[in-house]
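A short write-up of the structure that comes next.
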Amino acid sequence: AQKITQTQPGMFVQEKEAVTLDCTYDTSDQSYGLFWYKQPSSGEMIFLIYQGSYDEQNATEGRYSLNFQKARKSANLVISASQLGDSAMYFCAMRDMEYGNKLVFGAGTILRVKS
Amino acid sequence: GAVVSQHPSWVICKSGTSVKIECRSLDFQATTMFWYRQFPKQSLMLMATSNEGSKATYEQGVEKDKFLINHASLTLSTLTVTSAHPEDSSFYICSAPPGVGETQYFGPGTRLLVL
């Protein structure tokens, strides 16, 4: 079975600094996808970034980048130049290729950006 | 990204009543939609996979007769919480991928409070 582990229940970062949110995964599949979602207090789930297991380059989307280390089975999210609006819950998720598009989520990390 | 809507955004009902939640894909067709449940400060828990034209696939431990799912069309899936009780109070959120293997986009969620 696939598993996602986010070991940081909460993180603080100073505004304008960079922050790394950790995510490790466990799977026996060769083909898989890794996602990061942001959930603000309103509850909506906002898609941030995607990394495929066969992608050789680390994914980037604006201020978000994914530090993908396949051998270590880690997919850390890096947010550069943090903004107050980045304060939210962040979830790492893996797509279960064996069962179509099902997503397995980690426990999440609450990020608080300080001014 | 693709847009998914959910209705209602919040609902308060009396114990014993049934509540229907709608999930719509607005700008794409979705043969598969997913229903999640989330308790405060916890991760998303997949309840079931909604399949257009066939029965939903429920996750282990989710009562099929309690949570009725109907995928009426390629753009609409409904979740009905039957005979709701206070322990059913939660945040329910749906998602849909525009295609097989594509990113899941989430609806804004529905907050259910059963009195």
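Per chain, numbering begins at 1; letters A, B, ... match sequence-line order. Computation of the quantities below employed the complete heavy-atom set of this structure, encompassing side-chain atoms and omitting hydrogens, waters and symmetry-equivalent molecules.
- Following chains of ILVMFWY side-chain contacts shorter than 4.5 Å, one can reach B:Val11 starting from B:Ile21, so the two form part of one hydrophobic cluster.
- Of all the listed residues (B:Gln6, B:Met45, B:Gln42, B:Gln38), the one sharing the greatest number of non-hydrogen pairs under 4.5 Å with chain A is B:Gln38.
- The shortest distance between side-chain heavy atoms of A:Met45 and B:Leu44 falls below 4.5 Å.
- Atom CD of residue B:Gln104 and atom OH of residue A:Tyr37 lie 5.5 Å apart, to the nearest 0.5 angstrom.
- Between chain B and the residues A:Met89, A:Gln39, A:Gln6, the largest count of heavy-atom pairs under 4.5 Å involves A:Gln39.
- Neither the backbone nor the side chain of A:Thr109 comes within contact range of chain B, judged by heavy atoms closer than 4.5 Å.
- By the 4.5 Å heavy-atom criterion applied to side chains, B:Phe106 and A:Glu44 are not counted as neighbours.
- Other residues, nucleotides and ligands contribute only 12 or fewer heavy atoms inside 6.0 Å of the NZ atom of B:Lys64.
- Atom NZ of B:Lys55 is surrounded by 12 or fewer heavy atoms from other residues, nucleotides or ligands within 6.0 Å.
- Residues B:Val62 and B:Val81 share a single hydrophobic cluster, defined by chaining ILVMFWY side chains whose heavy atoms lie under 4.5 Å apart.
- Both A:Tyr64 and A:Ile4 sit in one connected hydrophobic cluster of ILVMFWY residues. Membership requires side-chain heavy atoms under 4.5 Å apart, directly or through other members.
- By the neighbour-count criterion of 12 heavy atoms within 6.0 Å, atom CD of B:Glu87 is densely surrounded, having more than that number from other residues, nucleotides or ligands.
- Nearest heavy atom pair, residue A:Arg95 against residue B:Thr103, reads NH1-N, 4.2 Å.
- Around the CZ atom of A:Arg63, the shell of radius 6.0 Å holds more than 12 heavy atoms that belong to other residues, nucleotides or ligands.
- Of all non-hydrogen atoms in B:Ser43 and A:Ala107, the two that sit nearest each other are CB-CA, 4.0 Å.
- Proximity of the aromatic rings of A:Phe105 and B:Tyr36 is defined here by a centroid distance below 6.0 angstrom, and this criterion is met.
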